[in-house]
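Reading through the C-alpha cells given below for one structure.
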Protein chains: 2
Amino acid sequence: MFYEVDKHSGIPSYIQIMNQIKKEIIIGNLKKGDSLPPVRELSKIFNVNVNTILRALERLEFEGYLEAQHGVGYFVRTDMDLKNSVFNEVSSFVEKMKKENIDLETIKLLLEEVWRNEQFSE
Amino acid sequence: MFYEVDKHSGIPSYIQIMNQIKKEIIIGNLKKGDSLPPVRELSKIFNVNVNTILRALERLEFEGYLEAQHGVGYFVRTDMDLKNSVFNEVSSFVEKMKKENIDLETIKLLLEEVWRNEQFSE
DNA sequence: CTAATTGTTATAGTTAACTATAACACAAAA
DNA sequence: TTTTGTGTTATAGTTAACTATAACAATTAG
C-alpha cells in the first residue's frame, strides 16, 4: 500500500507521505473509519523518523482527511467515493497521453496550465 | 509569463521555478533559441536570490531544456511542439473534471496512480 | 491494577535550502 | 580599449526539514 519516500527528489518527505496517504483515500483503498498503521510502523514503512510521520499526519488532520485518537490510532475521516465514470475518464485520458508518448511530468504541468486558464472550453 | 514562488508551500523554490519554466516550454510560449531574462531580472520576478535562480537553471540545463552562454544568457534548447490534438484532449479532460467538482490536487494524485497501474487499458 | 500499545512532546544536533553580498569572468557594444 | 550586461563562484549566516533518542500520556487487554 505504501512505499518508501524518495529522499533525493527535492520534495520534502512529509509532503510525499501526505500525498501517498491522500492517494489511498482518493482511490478508495482507505475508507471512512479505517485506521492507519501505528506511527512507529509508518516510520519503518516510509523509512523516516516518527516526527516526520507526525508532521504529515497532523497536516492531514488539519486538512480534514484524518482524525487522531490519543492512545488508539489515526483514522480516516473522509470518503471520496469518486464515481466510476471519473476513473474511466482518467484511464482513457492516460491511455491517450501514453499513446502520444508524453511523460507524466509534462502532463501534470500542462494540466496545471490548462486548469488555470479557462479559455479552452467552448 | 512568470510569477512569484510560494515560499510557504513546502515545495522548494528552485523546483517551483524549474516547473514554471518547463511549463512555458511545454505550452510553446518559449521556443528553441529563445532567451530567458537575465538571472538578476529573474531573481526579481520570482522574488528569490540569484543563487536560487542559478540552481534552477543549472538543473534545467542538466535536463536538456536550457543552454547557458557565459556573458550572454540562457537559451531554450528544446522544442516541445505538442500537437493541437493533445491540447484539445487535455482541455476536454479538464472540463469534465471541473464539472465533477474535483480539485486539481486530487486529479494529479489520481492521475499518478492510474499512470503507474496499467490494468485499465484494454 | 499492570502491561502493552498507541499517540504526543521535547531536546539536541545535522543537513539542505535559501539569503545577502561581493567579487570574478566572458561577451558585445561604444 | 573601456564600459556595460551577462553568467559564475564564493563566503557567511539563517531557517526549515529531518534525525535520533527519550520521556510522557491516553487507551485497551489481561
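Here the structure is a predicted model, which means the values were calculated and not measured. These numbers come from the heavy atoms of this one structure, side chains and all, not from hydrogens, waters or symmetry mates. Order of the sequence lines sets the chain letters (A, B, ...), proteins ahead of strands, with each chain counted from 1.
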For residues G10(A) and Y14(B), report the shortest heavy-atom separation together with the two atoms involved. CA-OH, 3.9 Å

Would you please classify the geometry between the F2(A) ring and the F46(A) ring as parallel, tilted or perpendicular, with 30° and 60° separating the classes? tilted

Taking the six-membered ring of W115(A), is the NZ or CZ of K108(B) close enough (under 6.0 Å from the centre) and on axis enough (within 45°)? no

Return whichever of Q69(A) or V48(B) has its heavy-atom-nearest nucleotide of DNA chain C closer to the 5' end. Q69(A)

d(CG, L66(A); P, dT6(C)) in whole Å: 17 Å

Give a yes or no on whether a salt bridge exists between R77(A) and E61(A), defined as a side-chain N under 4.0 angstrom from a carboxylate O. no

Per nearest nucleotide of DNA chain C, the residue lying toward the 5' end, G10(A) or E61(A), is E61(A)

DNA chain D: P37(B) or P12(A), which has the more 5' nearest nucleotide? P37(B)

Step through the shown structure and confirm whether more than 12 heavy atoms of other residues, nucleotides or ligands are within 6.0 Å of CZ on F62(A). no

Check every nucleotide of DNA chain D for an atom under 4.0 Å from a heavy-atom of chain B, then give the first and the last such nucleotide from 5' to 3'. dG5(D) to dA10(D)

Atom CZ of R40(A) and atom P of dT5(C): how far apart are they, to the nearest Å? 10 Å

When the distance from CG of L42(A) to C1' of dG7(C) is rounded to whole Å, what number comes out? 12 Å

Is a donor from one side chain sitting under 3.5 angstrom from an acceptor on the other, for N88(A) and S85(A)? no

